[in-house]
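Owing to the predicted nature of the structure, the values given are computational and were not obtained by experimental measurement. The basis for the numbers below is simple: all heavy atoms, side chains too, and nothing from hydrogens, waters or symmetry mates.
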Amino acid sequence: MKTRITELLGIEYPVIQGGMAWVAEHHLAAAVSEAGGLGLIGGANAPGEVVRQEIRKARELTKKPIGVNIMLMSPYADEVAKVVVEEGVQVVTTGAGNPGKYMKMWKDAGIVVIPVVASVALAKLMERGGADAVVAEGTESGGHIGEATTMTLVPQVADAVSIPVIAAGGIGDGRGIAAAFMLGAEAVQMGTRFVVAKESIVHENYKKRVIGAKDIDSAVTGRSHGHPVRCLRNQMTRQYVKLEEEGKSFEELEYLTLGGLRKAVMDGDVTDGVVMAGQIAGMVKKEQTCKEMIEEMMEQAEKLLAR
C-alpha cells in the first residue's frame, strides 16, 4: 500500500509504532521496522547518551529506517535533539511541546519531522513551522491524551493541512486502519497493540493485563490539573481519582505515580504501577510477532478498502 507517508519514510506499510516511554526501545523498534513499518525509539526522559546507545543497538538489528520520539518537556530534549542528528536518524516524531527551535537543525540534516498533535490549531502551527507530516492523536490513546476523539480529529486535521496526516488513538486492527484512511489519514500510529508483541520487553504481567482488558477497563487520571493520562484501572488509578476528588495538589498526585510506569513495564507491578494502554486494549487478545501483526492487519485493511 503506497501513500505519501510510505514514500516519505521509505517503508513498506503505512504503520508506525508509537514512541512509548520504557516500552519503545531498540528490540521493538527494530522488529517493527524489519517487518515493514516504522519503529520508533521512545526518548521519554532518557539522557542523550542512553538514546544514542538505543539507536546504535537498533541499527545492529535492522538496516531499515528507524525513528526517535522526542518528548519536548524532557530535561534532556536539547541533548537528544543533537544526538538524532549525530547518529543520522531518518525520522523524528515529537510530543509535549513545539519543536520549532530544533527545526532548522533537523531539516538541514535531512531528518523527516513529524509532530504529534491533538488539535487542528496545533497541526496548522506545525505545518507552518516546516513539519513534513503530523500525527493526529485522539483521546482513545494510552498515555498523555487530548480531548478530541480520533473519529473527529483526523478528518478535521486532514482538511486543515496539506501535509500528510497519520491517525493515532483507538487503532488496533485492519478495520481501524481502513477507517483511518477513510477519514483522510495516509498512515496509522499504534502503541497498545505493539505492547504485547513477542519482541516487546514489557513484563509478562503487563502484557497479560492488556490482553485480559475489557472495553471499559481504561481510566483517565490527571484531568483536574490539565495533565490527563489514560491507563488501565488498578489500585493506583482508584487511589489517584480519590485524591483528585479530594482536591489534592498536582505535586501530591505526581508523587503517587512517581516511577509508576517503570514499575509496571519492567517490574510487572500492575497493581500499584502505571499500566498505560489505550481504549483499544479490550480488542488486543494475543501475543504475536511484529511481522505477524502488521501482515494480518494490512491484509484485513486492504480487503476492506478494496470493497
Query raised in the report: Between Lys63 and Glu34, is the closest basic N to carboxylate O distance under 4.0 Å?
Result: no
**Report entry** Basic-acidic side-chain contact under 4.0 Å: Lys208, Glu204
**Finding:** no
**Report entry** Minimum heavy-atom distance Gly278-Thr192, with the two atoms named
**Finding:** N-OG1, 2.8 Å
Query - salt_bridge(Lys82, Asp78) N-O dist < 4.0 Å - result: no
**Report entry** Close side-chain approach of Leu261 and Met276, heavy atoms under 4.5 Å
**Finding:** yes
Query - CD on Glu25 to CD1 on Ile41, rounded to 0.5 Å - result: 8.5 Å
Query raised in the report: Please walk me through it: do Thr139 and Glu147 pass side-chain hydrogen bond (donor to acceptor under 3.5 Å, both in side chains)?
Result: CA-CA 5 Å; Thr139 194; Glu147 289 297 327; 5.2 Å; no
Requested in this report: Start with the C-alpha distance between Met71 and Asn45, add both sets of side-chain angles, then the distance that settles side chain to side chain contact (heavy atoms under 4.5 Å, CB included), and finish with yes or no.
Outcome: CA-CA 7 Å; Met71 189 178 75; Asn45 279 316; 3.3 Å; yes
**Report entry** Reported CZ-to-NZ distance for the pair Arg175 and Lys303, which is rounded to 0.5 angstrom
**Finding:** 13.5 Å
**Report entry** Neighbour count >12 (heavy atoms, 6.0 Å) for atom CE, Met105
**Finding:** yes
Query raised in the report: Is it the case that more than 12 heavy atoms not belonging to Tyr76 sit under 6.0 Å from its OH atom?
Result: no
Query raised in the report: Taking atom CG of Leu243 and atom CD of Glu245, what is their separation to the nearest 0.5 Å?
Result: 9.5 Å
Query raised in the report: Got Lys263 and Val274 here, is their nearest side-chain heavy-atom distance under 4.5 Å?
Result: no
**Report entry** Side chain to side chain, Glu127 and Val134, heavy atoms closer than 4.5 Å
**Finding:** no
Report summary line: Rounding to 0.5 Å, atoms CG (Leu153) and OG (Ser119) come to a distance of 7.5 Å
Query raised in the report: Any donor and acceptor pair, going by atom type alone, linking the side chain of Asn205 with main-chain N or O of Gly268 inside 3.5 Å?
Result: yes
Query - Pairing residues for Glu186 by the side chain to side chain donor-acceptor pair (under 3.5 Å) criterion, not counting sequence neighbours - result: Arg4
Report task. Apply salt bridge (Lys or Arg N to Asp or Glu O under 4.0 Å) to Lys57 and Glu60, showing your working. Result -> CA-CA 5 Å; Lys57 287 173 186 172; Glu60 289 172 10; over 6 Å; no
Requested in this report: Establish whether Ile11 and Val112 are linked, either directly or via other cluster members, by ILVMFWY side-chain heavy-atom contacts under 4.5 Å.
Outcome: yes
Query raised in the report: Is a donor on one side and an acceptor on the other found under 3.5 Å between the side chain of Asn234 and the backbone of Val270?
Result: yes
Query raised in the report: Under the 3.5 angstrom rule, does the side chain of Glu140 hit a backbone N or O of Ile280 as a donor-acceptor pair?
Result: no
Query raised in the report: Is there side-chain contact between Cys290 and Phe194, with heavy atoms separated by less than 4.5 Å?
Result: yes
Requested in this report: Using atom types as modelled and distance alone, determine if a side-chain donor or acceptor of Glu79 lies under 3.5 Å from a backbone N or O of Pro47.
Outcome: no
Query raised in the report: Does the Thr62 side chain pair with the main chain of Arg59, one donor and one acceptor, at a distance under 3.5 Å?
Result: no
Query - Flag side-chain contact, heavy atom, 4.5 Å: Met1 against Leu305 - result: yes
Query raised in the report: Ignoring hydrogens and geometry, is there a side-chain-to-backbone donor-acceptor pair from Thr152 to Thr149 under 3.5 Å?
Result: yes
Query raised in the report: OG of Ser200 to CG of Leu28: how many Å apart, nearest 0.5 Å?
Result: 5.5 Å
Query - Pairwise side-chain contact, Met297 with Tyr13, heavy-atom cut-off 4.5 Å (strictly under) - result: no
Query - Value rounded to 0.5 Å, distance of CD in Glu12 from OG in Ser33 - result: 12.0 Å
Query raised in the report: Do Glu54 and His26 have side-chain atoms, one donor and one acceptor, less than 3.5 Å apart?
Result: yes
Query raised in the report: Do other residues, nucleotides or ligands put more than 12 heavy atoms under 6.0 Å from Met283 CE?
Result: yes
Requested in this report: Return yes if some donor-acceptor pair links the side-chain N/O of Glu292 with the main-chain N/O of Thr289 below 3.5 Å, else return no.
Outcome: yes
Query raised in the report: Is there side-chain contact between Tyr102 and Leu72, with heavy atoms separated by less than 4.5 Å?
Result: yes
Report task. Would you mind checking if Glu246 and Lys242 are paired as a salt bridge, meaning a charged N to carboxylate O distance below 4.0 Å? Result -> yes
Report task. Mark yes or no for whether Trp106, through its side chain, and Ala81, through its backbone, hold a donor-acceptor pair below 3.5 Å. Result -> yes
Report task. Apply side chain to side chain donor-acceptor pair (under 3.5 Å) to Arg193 and list each qualifying residue two or more places apart in sequence or on a separate chain. Result -> Gln288, Glu296
**Report entry** salt_bridge(Asp267, Arg262) N-O dist < 4.0 Å
**Finding:** yes
Query - Sidechain-backbone polar pair: Arg230 side chain, Val220 backbone, donor-acceptor under 3.5 Å - result: no
Query - Side-chain touch Leu183/Met151, heavy atoms, less than 4.5 angstrom - result: yes
Report task. Please check if any side-chain donor atom of Thr271 sits under 3.5 Å from a side-chain acceptor atom of Gln235, or the reverse. Result -> no
Requested in this report: Verify, without hydrogens or angle tests, whether His225 (side chain) and His227 (backbone) share a donor-acceptor contact under 3.5 angstrom.
Outcome: no
